[in-house]
Amino acid sequence: MTKNKENPDSEGIYHFDNFFKISADFICIAGFDGYFKRINPAVSRTLGYTEAELYARPISSFVHEADLKNTIETREQVYKNKPLLNFENRYLTKSGEIIWLSWTSMPVMEEKLVYAIAKNITHTKKREEERNILLAKLTQINKELTVLSHKTSHDLKSPLNNMLAVFNLIDSSKIDDSETLELINILQETSQNLRNTLNDSLDQLLVNENLHAQIETLNIPETLALVTASIKSLVLNSKATIATDFTAFDEIDFNKGYLQSIFLNLLSNAIKYSKADSSPNIFITTKYNNGIKQLIFSDQGIGFDLEKVKDKVFGLYEKFHDNSDSSGIGLYLVYNHISSLGGNISVNSKTNEGTTFTISFK
C-alpha cells in the first residue's frame, strides 16, 4: 500500500492527542451546562483534584469567590458566540492555594461546547504584586522626601527673616569703621540672596538615609523656648505676647524636629496674620480630652472664613490672604507632621476673630 504523504495522519503517523496530554497549559472542553467534558492532565495536576472530582462539580465551584460574578458574566458572553481572549481569573486548588489563569476560549454553537486553553500566570501575578508593593513603598518615600524638602526650605525662612530683620535695625550711620560696615553689607546681601534661593527652591530634594521619624519624650516649654529664640526679632518687632498654660502636661512623646516645626509654623502664622491695629496675642495650652493629650494654639488675628476654605486649610500651596511672605506650605507641613505620627489636627476660625488649632496626639 502506498502511504499518503499529503495526509500522513490518516494512517496514524501523527498523534495530536499527545499535545493534549503533555501540555503544561490547561486544555479543556466545557459544556454550556457549566461542566467540564474533557480536560488534560495539567488541569488535575495543577488544581489537585482527581479527574472524577473535576467532572462531577460545576466549573464555577473551582473559581475564587471574588472572581465568580465576573467569570459567570463573561461566560454568558461566550455562550452568545463571542470568543474570549486573555480573560484572567483565580481558581482555588484543593489545598486552598490561589492559582491565576489567563483564558482563551472559543464556542462551538452547534455542539454547545466551549474549547478553551488557560495559561498559569500565578508567578507573573506574584511578581506584579511584589512590584506594586515596591512601587507603593517608593511612592511613600518620595512623598516623605518631598515633605522633607518643603519642611527644610520653609523652616529656614523664619530664622532667615529674623536675621534680615536684625540687619534692618542696625543704624549704619553710627558705624565709623568702613570695614565693619562692608562686612555687615555683605552679610545682609548674602542673607537676602539665600532667602531668594529658598523661595525659588522649595521643591529641592534632600537625601536622608533615615526618613522614619524618631520618637522621644520632649519637654514642651523647652521646645517652645528654643523656637521663640530662633525668631526672637520677629517676636520683638511685632510686640507679640505669648501666654502659656502647660499644667495639664508639659511633656509629649513625639519627633523633636516635627514639634519644633509645628511651633515655628503656628507661631509665625499667628504673628504674620495678626490684626494691623493691635499686637499679636498668642495662647498655647495643653489639656486632656477623654484621655487624649491635646495641644491648643489660639490667636486673636484676622482669621479666615472656614466655610469658604473648608478642607483646603491644610492643602499644599493653599493661601487665604494676600501676604507677600505667604507660601501656603506651613499648615501643610504641620498637618503632615501630626498625621504621619497618628495624630490629628482641627481648626476653628472666624474672620477678624482669630484662629484656634487643636492638636490631638496619638
Side-chain angles (χ1 to χ4, degrees), residues 3-142:
K3 293 183 179 180
N4 185 346
K5 294 183 180 180
E6 294 182 357
N7 187 14
D9 190 46
S10 64
E11 298 185 26
I13 296 176
Y14 299 152
H15 300 284
F16 289 103
D17 195 53
N18 288 333
F19 287 101
F20 187 86
K21 292 179 179 179
I22 68 173
S23 174
D25 295 334
F26 282 28
I27 302 177
C28 61
I29 302 172
F32 280 19
D33 60 357
Y35 284 80
F36 287 120
K37 302 304 179 183
R38 188 180 180 189
I39 57 175
N40 71 336
V43 179
S44 176
R45 185 168 58 248
T46 303
L47 295 182
Y49 293 96
T50 65
E51 287 193 2
E53 290 173 320
L54 290 166
Y55 286 132
R57 290 168 50 181
I59 298 172
S60 298
S61 66
F62 304 106
V63 178
H64 192 288
E65 184 179 359
D67 295 338
L68 186 57
K69 182 175 182 294
N70 190 31
T71 299
I72 293 174
E73 292 175 350
T74 303
R75 183 188 302 162
E76 292 299 323
Q77 295 300 311
V78 175
Y79 292 165
K80 295 177 182 178
N81 203 26
K82 295 182 179 180
L84 182 67
L85 298 174
N86 302 321
F87 172 74
E88 297 178 0
N89 65 357
R90 286 165 288 183
Y91 273 51
L92 288 175
T93 68
K94 192 171 185 177
S95 63
E97 182 184 357
I98 296 174
I99 301 295
W100 276 94
L101 298 172
S102 176
W103 292 91
T104 297
S105 304
M106 176 67 69
V108 179
M109 302 304 293
E110 58 270 22
E111 298 178 4
K112 292 191 178 300
L113 295 174
V114 178
Y115 293 79
I117 298 176
K119 288 186 175 294
N120 187 341
I121 58 171
T122 306
H123 179 67
T124 302
K125 285 294 182 179
K126 287 182 178 179
R127 289 184 63 182
E128 287 181 0
E129 183 180 1
E130 291 172 355
R131 182 186 63 185
N132 290 335
I133 291 173
L134 178 60
L135 286 174
K137 290 181 178 178
L138 290 174
T139 300
Q140 180 62 28
I141 290 173
N142 184 63

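Using a 4.5 Å cut-off on side-chain heavy atoms (C-beta onward), Met109 and Phe32 make contact.
Of all non-hydrogen atoms in Leu54 and Phe36, the two that sit nearest each other are O-CD1, 3.5 Å. Shortest non-hydrogen contact noted between Lys37 and Gly31 is CG-N, 3.6 Å. The minimum heavy-atom distance between Arg38 and Tyr55, with the atom names listed, is CA-OH, 3.3 Å. When all heavy atoms are compared, the tightest approach of Leu92 to Leu47 is O-CD2, 4.3 Å. Residues Ile59 and Tyr91 approach most closely at CG2-OH, 3.3 Å, considering heavy atoms. The two residues Ala118 and Leu101 make their nearest non-hydrogen contact at CB-CB, 4.2 Å.
Counting only residues at least two apart or on different chains, no salt bridge (Lys or Arg N to Asp or Glu O under 4.0 Å) pair has a member in residues 104-118.
Counted within 6.0 Å of NZ on Lys126, heavy atoms from surrounding residues, nucleotides or ligands total 12 or fewer; the atom is thus considered open. Residue-environment remark: CZ (Arg57) exceeds the threshold of 12 foreign heavy atoms within 6.0 Å.
Between the side chain of Asn40 and the backbone N or O of Ile27 there is at least one donor-acceptor pair closer than 3.5 Å. Side-chain atoms of Thr122 come within 3.5 Å of backbone N or O of Trp100 as a donor-acceptor pair. Under the 3.5 Å distance criterion, the side-chain polar atoms of Ser44 are matched with a main-chain donor or acceptor of Tyr49. In this structure, Asn89 contributes its side chain and His64 its backbone to no donor-acceptor pair below 3.5 Å.
Atom CG of Leu84 and atom CD1 of Ile117 lie 12.0 Å apart (nearest 0.5 Å). One distance of note links NZ of Lys82 with CD of Glu76; it measures 11.5 Å at 0.5 Å rounding. The CG atom of Leu68 lies 10.0 Å from the CD atom of Glu73; values are rounded to the nearest 0.5 Å. In this structure, Tyr79 OH and Ser105 OG are separated by 9.5 Å, a value rounded to the nearest 0.5 Å. Here the straight-line distance linking atom NZ of Lys119 with atom CH2 of Trp103 works out to 12.5 Å at 0.5 Å rounding. Annotation: the span from Lys125 atom NZ to Ile99 atom CD1 amounts to 13.5 Å, rounded to 0.5 Å.
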